Amino acid sequence: MHEQPVRAVPDEEHAQIAASTFRMLSDPTRVKILWALFQEESSVNALADAVGATPAAVSQHLAKLRLSGLVESRKEGTFAYYRAADQHVRRLLTETLSHAEHVTGAAEERDPHSY
């Protein structure tokens with residue numbers, strides 16, 4: 001794992017991949033779906049309940065996330081179960097959601113000496 005990118009300026013291929021990832025994360029429902037999938041593997045209906053969307057909408061979002069490589073699926077009988085596929089994206093979402101909580105004041109400020 002690299003804390004910093006290998007190159008000072010990304011080449012075109014890596015810049016395109018990064019931009020594509022941000023496009024996939026630019027929808028609030030997809031952010032919720034991915035966050036839920038980082039917690040546990042889930043079915044479409046369970047995700048729909050968790051994120052407050054219809055199963056049809058969740059299914060469409062999952063298809064996009066799967067095509068982009070951010071979500072994987074497995075079949076068990078007639079059911080499909082989904083899981084998040086990229087731990088790099090988990091770190092990105094963790095930082096972004098933490099930032100959102102600080103912006104809204106929802107995060108409690110911790111004493112830096114309390115760790």
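Keep in mind it's a predicted model, so treat the numbers as computed, not measured.
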Just distance, no hydrogens or angles: give the donor-acceptor pairs under 3.5 Å from side chains in residues 19-36, sequence neighbours left out.
residue : atom : partner : partner atom : Å
T21     : OG1  : I17     : O            : 3.1
S26     : OG   : R23     : O            : 2.7
D27     : OD1  : T29     : N            : 2.8
D27     : OD1  : R30     : N            : 3.2
R30     : NE   : M24     : O            : 2.8
R30     : NH1  : H61     : ND1          : 3.3
R30     : NH2  : R23     : O            : 3.4

Any donor-acceptor pair under 3.5 Å linking the side chain of S98 with the backbone of T94?
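Not confirmed, S98 side chain does not pair with T94 backbone.
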
Heavy-atom pair with the smallest gap, counting every atom of [X] and [Y]:
{"X": "P10", "Y": "A15", "answer": "CB-N, 4.2 Å"}
{"X": "F38", "Y": "V89", "answer": "CZ-C, 4.0 Å"}
{"X": "A48", "Y": "P55", "answer": "CB-N, 3.7 Å"}

Is the shortest side-chain heavy-atom distance between D86 and L92 below 4.5 Å?
no

With heavy-atom distances below 4.5 Å as the criterion, would you say the side chains of Y81 and E76 are in contact?
yes

Rounded to the nearest 0.5 Å, what's the gap from CG on L37 to OH on Y82? Could you check?
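These two atoms lie 10.0 Å from each other.
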
dist H99:NE2 -> E95:CD (nearest 0.5 Å) comes out at 10.5 Å

Could you list the residues that satisfy side chain to side chain donor-acceptor pair (under 3.5 Å) with E12, not counting sequence neighbours?
Q16

Sequence neighbours excluded and cut-off under 3.5 Å, please list the side-chain donor-acceptor pairs for residues 66-73, or say none.
residue : atom : partner : partner atom : Å
S68     : OG   : K64     : O            : 3.4
S68     : OG   : L65     : O            : 2.9
E72     : OE1  : R83     : NE           : 3.3

